[in-house]
Every structure is written in structure tokens, then in C-alpha cells.
Amino acid sequence: MIDSRSAVRTEIAAAFALTAAALFALFWLIPNNTEPARSELDISPAFFPMLTAGLVLFLSLVMLVARPAILSEVVVWCGASVAIWFALPVIGFIPTSIAVVILVGLATGYQKWWVLGAMAILFSITVDFGAWQVFTVDLP
């Protein structure tokens with residue numbers, strides 16, 4: 001399938017926008033809005049945001065180089081991210097993550113619903129318990 005010129009331009013524009021957003025987050029937003037670690041053995045509050053922004057920067061640069069046709073996926077994942085963001089404080093981490101894992105499994109064509117449900121529940125409880133045990137962070 002041959003890409004149209006407008007689709008190629010849109011993908012390149014999206015990659016540039018993601019690159020700019022990641023650079024903005026890495027060099028201004030995160031450093032100016034997070035505090036340093038409270039002790040030597042603590043993870044800095046900026047660690048995960050910096051890791052995420054770095055990953056976005058890397059993937060946007062890969063998108064510029066490889067130019068895959070993923071614009072519709074980006075829109076869907078952005079919508080899903082906003083839905084998750086609003087659902088977390090309302091219904092909590094475990095129900096939200098169970099729903100997300102099940103929906104992603106269904107979207108990728110996984111057929112065994114009982115395995116998918118068991119994996120979603122086990123994953124959500126494990127991450128919630130692990131976040132508390134490893135990082136002493138109580139997820140919403």
C-alpha cells in the first residue's frame with residue numbers, strides 16, 4: 001500500500017510535535033516542577049517522568065526516521081490515556097488497570113476471555129502490591 005503525500009506530511013508533523021513536546025518536558029517542565037530526592041536511597045520524583053519523556057523523544061525520532069503509518073493509533077492511545085487519567089481518581093488503580101488490560105487484549109485479538117480476565121486481575125493486583133512494597137507508593 002502506497003502512502004499518500006498528505007498522510008506522510010501528517011506523520012512527519014506528528015513526529016516533530018512529539019519531539020518538541022518531549023524536549024519541552026525534559027528540559028523545562030519536569031526539572032522546574034519536581035523536587036529532588038529526599039535521601040540518597042530514594043528515587044527522584046523526576047525519574048519516571050524523565051524516563052517517559054525520554055521514551056517519547058526516542059520513539060518520535062524513530063518515527064521521523066522510519067515514518068511508520070501510526071497516526072490513527074496515536075490518536076486512539078491519546079484518547080485512551082485521557083480516559084485512564086480521568087478514571088484513576090474516580091474508580092482507582094486496580095479497576096482501571098483491569099479494564100485497560102482487558103480492552104487492550106480484546107483490541108489485539110486475544111480470544112480466551114477467561115485467561116485475559118485472570119491475567120488482568122493478577123497483573124493489576126501484582127503492580128499495586130509491588131508499587132507499595134518496592135517504592136512505598138500507594139496507587140490511587
Let me check something: any side-chain donor-acceptor pairs from residues 12-29 under 3.5 Å, sequence neighbours excluded? List them with distances.
unit_1, atom_1, unit_2, atom_2, d
T19, OG1, A15, O, 2.8
T19, OG1, S60, OG, 2.8

List the atom pairs, with distances to 0.1 Å, where a side-chain N or O of residues 43-59 and a protein N or O form a donor-acceptor pair under 3.5 Å, not counting sequence neighbours.
unit_1, atom_1, unit_2, atom_2, d
S44, OG, A46, N, 3.2
T52, OG1, F48, O, 2.9

Please table the atom pairs, donor to acceptor, closer than 3.5 Å between any side-chain atom in residues 101-108 and protein atoms at least two apart or in another chain.
unit_1, atom_1, unit_2, atom_2, d
T108, OG1, V104, O, 3.1
T108, OG1, G105, O, 3.0

Atom pairs and distances, side-chain donor-acceptor, residues 92-100, under 3.5 Å, sequence neighbours left out:
unit_1, atom_1, unit_2, atom_2, d
T96, OG1, G92, O, 2.6
S97, OG, F93, O, 3.1
S97, OG, I94, O, 3.1
S97, OG, S124, OG, 2.5

Could you list the donor-acceptor pairs under 3.5 angstrom formed by side chains in residues 125-138, with sequence neighbours left out?
unit_1, atom_1, unit_2, atom_2, d
T126, OG1, L122, O, 2.6

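Using a 4.5 Å cut-off between side-chain heavy atoms of Ile, Leu, Val, Met, Phe, Trp and Tyr, with links allowed through other members, F86 and L139 fall into different hydrophobic clusters.
Judged as a salt bridge (Lys or Arg N to Asp or Glu O under 4.0 Å), the pairs with a partner in residues 38-50 (not counting sequence neighbours) are, in order, E35-R38. Applying the side-chain hydrogen bond (donor to acceptor under 3.5 Å, both in side chains) test to every pair with at least one member in residues 112-121, sequence neighbours left out, gives no pairs at all.
Smallest separation of non-hydrogen atoms from E11 and M63: O-CE, 3.5 Å.
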